[in-house]
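Note that this is a predicted model, so its numbers are computed, not measured. Protein chains get the first letters and strands the later ones, always in sequence-line order, with residue 1 at the start of each.
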Amino acid sequence: MHNLHTIYEKLVEFFGYQRWWPTFSKNKKEKFIEICVGAILTQNTAWKQVETAIKKLREKNLLNQEKLEKVSFAELSSLIKNTGFYKEKARKIKAFINFLKKNPYEKLKRLKLEEVRKKLLSVYGIGNETADAILLYALDKPSFVIDNYTKRVFSRLLGIDFKSYEEWKDFFESNVKKDTFIYKEFHALIDELAKNYCKKKPICKGCPLNDLCKKNFK
DNA sequence: CGCCAGGGCCTCA
DNA sequence: TGAGGCCATGGC
């Protein structure tokens with residue numbers, strides 16, 4: 001049993017609450033769509049690129065189910081071009097919108113986490129991380145999100161290295177209090193640490209977790 | 001110029 | 001079930 005809460009609290013103290021997922025939309029359903037689309041667009045892509053693409057979609061008033069269904073593949077892919085893998089991502093967004101026709105927001109909110117997770121994973125372009133991001137940030141269900149940043153930070157920090165996504169997820173879910181707010185913040189804070197300090201080439205000077213880190217790069 | 005970014009699918013052992 | 005190739009643009 002690792003006390004991950006000590007790490008969590010140090011991160012909160014250092015970076016402050018992150019209030020993820022960052023969105024422009026205020027309307028509840030638009031926000032839902034924006035988070036899901038953003039989760040697809042950010043696959044292996046810097047968030048900065050996603051912001052500009054989301055802004056373009058928003059300016060064209062495309063951030064709703066009906067419009068995203070109608071918009072042509074060519075227009076959609078051109079609007080998200082800057083995020084890379086743009087044809088793949090346009091296809092993925094279309095697949096997700098199609099999924100929503102049979103599984104609207106209200107239904108997903110009502111269903112149990114595991115049931116929704118299984119459904120999401122069956123959609124083209126939604127893998128483990130994207131599914132968990134949608135569950136946690138778009139549907140407010142306590143599903144811990146594992147990304148490459150999480151693996152990098154914690155393999156250095158604790159000297160652990162699990163093989164599968166499920167093992168990583170289980171590790172966090174069995175060692176962190178099952179709380180949607182904490183799951184959201186913890187993941188966001190891990191990413192913040194990874195972007196600013198625990199980079200591929202780590203910058204250990206000034207890292208808030210220096211005294212806890214096994215690697216202790218100097 | 002090369003490396004990297006809030007992954008996932010497909011193929012092939 | 002795991003490793004490797006592929007998708008691709010933009011920031012630094």
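- A pairwise comparison of heavy atoms in A:Pro208 and A:Leu11 identifies CG-CD2, 4.4 Å as the closest pair.
- Between A:Glu34 and A:Phe24 the shortest heavy-atom distance is OE2-N, 2.8 Å.
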For nucleotides 7-13 of chain B, 5' to 3', base contacts (B), sugar-phosphate-only contacts (S) and non-contacts (-) with protein non-hydrogen atoms under 4.0 Å give BSS----

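- Residues A:Tyr17 and A:Phe181 place their aromatic rings such that the two centres sit under 6.0 Å apart.
- Between A:Leu136 and A:Phe144, the closest side-chain pair of non-hydrogen atoms is not below 4.5 Å.
- At whole-Å resolution of the value, CD in A:Glu192 and C1' in B:dA5 are 15 Å apart.
- Ring centroid separation for the pair A:Phe172 and A:Phe154 comes in under the 6.0 Å cut-off.
- Qualifying salt bridge (Lys or Arg N to Asp or Glu O under 4.0 Å) partners for A:Arg91, counting only residues two or more places apart in sequence or in other chains: none.
- Nucleotide B:dA5: paired with C:dT9 (Watson-Crick or G-U wobble, both distances less than 3.5 Å).
- Contact annotation: A:Arg152 does not reach the phosphate of B:dC4 (side-chain N/O to OP1 or OP2, under 4.0 Å).
- Chain A approaches DNA chain C over the interval C:dG2 to C:dG11, counting the first and last nucleotide 5' to 3' with an atom under 4.0 Å from its heavy atoms.
- Counting non-hydrogen atoms of other residues, nucleotides and ligands closer than 6.0 Å to NZ of A:Lys195 gives a total above 12.
- Here A:Glu75 contributes atom CD and A:Leu57 contributes atom CG; the two are 9.0 Å apart, rounded to the nearest 0.5 Å.
- Counting non-hydrogen atoms under 4.0 angstrom, A:Lys200 reaches the backbone sugars and phosphates but no base.
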